Amino acid sequence: MAKIINVVKGTKDILPQDAPMWHLLEKNALDIFTKYGYKEIRTPIFEVTELFARGVGDTTDIVNKEMYTFEKSDRSLTLRPENTAGVVRSYIENSMSRLSAPVKLWYKGPMFRYERPQAGRQRQFHQVGVEMFGVKDATADAEVILLAVNYLKSLGLNDLEVEINSLGCPECREVYKNKIKEVLKPEFDNLCEDCQNRYEKNPLRLLDCKVDSCKEIFEKPEIKAVIKSDFICESCAGHYSKLKSYLDELDVKYIENKLLVRGLDYYNRTVFEIKSNNLGSQNAVCGGGRYDSLVKNLGGEDTPAIGWAMGMERLISLIPTIEPKKLDGYIVSNSPADAFKLASELRDAGLVVEFDLQNKKFTKQLEKASKVANYAFILGEDEVKNNMVSVKNLSTSTQKQLDRKQLWSEYKNV
RNA sequence: GCGCCUGUCGUCAAGCGGUUAAGACCUCGGAUUGUGGUUCCGAUAUGCAUGGGUUCGAAUCCCAUCAGGCGCCCCA
């Protein structure tokens with residue numbers, strides 16, 4: 001036998017037995033997002049590399065070490081590691097700022113990140129996400145979070161934890177960053193290697209370091225005081241408290257997590273994650289936040305925006321398995337030509353039917369029917385002659401001859 | 001990139017230095033030439049990820065390679 005070829009590391013087939021769960025995710029996304037006024041957008045799965053470098057940010061791990069980048073005709077192209085940058089690119093390119101705000105878009109599709117695969121993490125994975133452009137008020141933040149919660153509820157996921165935080169605006173964050181750097185300066189040599197790198201590149205990411213020695217340092221009173229301090233400026237604080245009061249009124253439960261720092265550079269003010277305890281160590285199903293300067297940074301008009309993305313594989317691992325449906329009927333007949341005709345009639349009437357294409361014996365056909373279908377439609381010589389079909393209910397074993405014309409509407413009474 | 005764990009039929013597995021490599025499920029065939037789902041019978045790994053080594057003897061022990069899983073980092 002020839003050598004077999006396997007799926008590439010970190011990728012997976014979505015097999016027929018899992019398809020019903022994907023259909024559920026996709027159907028509910030379409031239904032619910034549509035109710036909230038979102039329109040679907042589909043952008044290419046690869047873009048010019050510069051889009052991600054400028055959009056996602058070149059201090060992020062996503063851009064630094066996780067991108068699938070390739071060269072073609074002197075252009076550097078990259079398989080999208082996330083879709084916000086692509087959607088923003090399209091928003092700008094198609095002049096969507098001319099549309100009446102807010103512009104609400106949603107998407108679903110594969111994303112690519114070159115990481116070591118593990119539970120809840122693949123190199124090709126799928127996200128559903130939403131992006132809202134044009135509203136700077138906290139109403140947008142609240143609506144977007146509510147939408148996430150309601151989408152999760154529609155999937156039967158009610159008890160997930162919503163964590164929120166505010167990163168402030170570029171101005172107040174700069175002050176905060178400097179304070180952190182200042183107070184940590186004496187400890188610099190004691191920080192782990194990663195943290196020493198983060199110190200210059202992105203001090204906010206120091207805060208969720210998992211190394212014990214670093215955690216200890218962050219626990220020191222004078223350092224903790226700075227980390228925990230409410231650094232955000234008055235207007236950012238106002239925005240944040242407005243969001244919280246909206247969430248309270250909407251009865252959306254949340255936990256404030258001051259250490260919640262997104263790894264994407266473009267976020268400002270509101271960031272949030274939704275987590276599950278049943279996912280192993282990759283426990284975030286949803287992550288998002290506000291990115292008010294991204295549109296401008298990518299060459300568009302200054303446009304506030306906010307969005308989130310959910311990992312579809314992670315969602316699927318949280319919802320119960322959906323058993324595949326049986327066929328409505330399986331036609332049992334020794335005459336393929338007659339079976340073809342009957343199958344067409346029933347299919348046209350909306351039934352899901354199959355019949356034997358392999359010339360199997362009558363008993364084998366019936367055996368097959370009992371495994372895959374709710375009803376057997378038995379079509380023998382007599383039945384063909386009289387324009388009848390014998391319908392057998394395979395769970396009750398009752399059988400009746402029905403007129404072929406009314407078959408599709410009456411078979412369920414057998 | 002680093003750490004830990006695991007590779008026996010399509011699937012789940014037993015096996016712990018000497019077996020004819022259990023068993024179950026799935027699939028296929030038969031009992032059953034127009035009545036299934038129950039039952040009974042039968043078929044299906046000359047081979048235990050691959051390559052070396054140790055041994056009289058290896059699926060079992062050792063090494064390497066490959067593959068998979070999990071964790072760190074980071075994220076959905």
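A note on names: the letters A, B, ... follow the listed sequences, proteins ahead of strands, and every chain is numbered from 1. Computed from a prediction, not measured in an experiment: that's the story for all the values here.
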Peer 1: Side chain to side chain donor-acceptor pair (under 3.5 Å) with Asn297(A): which residues, sequence neighbours excluded?
Peer 2: none
Peer 1: Write out a two-atom table: protein N or O, nucleotide N or O from nucleotides 29-33 of chain B, distance below 3.5 Å.
Peer 2:
unit_1: G30(B); atom_1: OP1; unit_2: Lys361(A); atom_2: NZ; d: 2.8

Peer 1: How would you list all residue pairs meeting salt bridge (charged side-chain N to carboxylate O under 4.0 Å, His left out) that involve residues 135-144 of chain A, not counting sequence neighbours?
Peer 2: Lys104(A)-Glu143(A), Asp137(A)-Lys242(A), Asp141(A)-Arg290(A)
Peer 1: Going by the rule salt bridge (Lys or Arg N to Asp or Glu O under 4.0 Å), which residues pair with Asp348(A) if we only count those two or more places apart in sequence or in a different chain?
Peer 2: none
Peer 1: Report, one pair per line, the protein and nucleotides 47-50 of chain B atoms (nitrogen or oxygen only) whose separation is under 3.5 Å.
Peer 2:
none

Peer 1: Can you tell me which residue pairs pass the salt bridge (charged side-chain N to carboxylate O under 4.0 Å, His left out) test with a partner in residues 397-412 of chain A, sequence neighbours excluded?
Peer 2: Glu345(A)-Arg404(A)
Peer 1: Which of residues 405-414 of chain A sit near RNA chain B, with a heavy atom under 4.0 Å from it?
Peer 2: none
Peer 1: I'd like a table of atom pairs between the protein and nucleotides 2-9 of chain B - only N or O on both sides, under 3.5 Å - with the distance next to each one.
Peer 2:
unit_1: C2(B); atom_1: N4; unit_2: Arg116(A); atom_2: NH1; d: 2.8

Peer 1: For Ser370(A), give me all partners under side chain to side chain donor-acceptor pair (under 3.5 Å), at least two apart in sequence or on another chain.
Peer 2: none
Peer 1: Got a sec? Which of residues 26-53 of chain A come in under 4.0 Å of RNA chain B, heavy atoms?
Peer 2: none
Peer 1: Holding to salt bridge (Lys or Arg N to Asp or Glu O under 4.0 Å), I want the full list of residues that pass it with Glu273(A), two or more places apart in sequence or in another chain.
Peer 2: Arg262(A), Lys275(A)
Peer 1: Excluding sequence neighbours, so at least two apart, what forms salt bridge (Lys or Arg N to Asp or Glu O under 4.0 Å) with Glu82(A)?
Peer 2: none
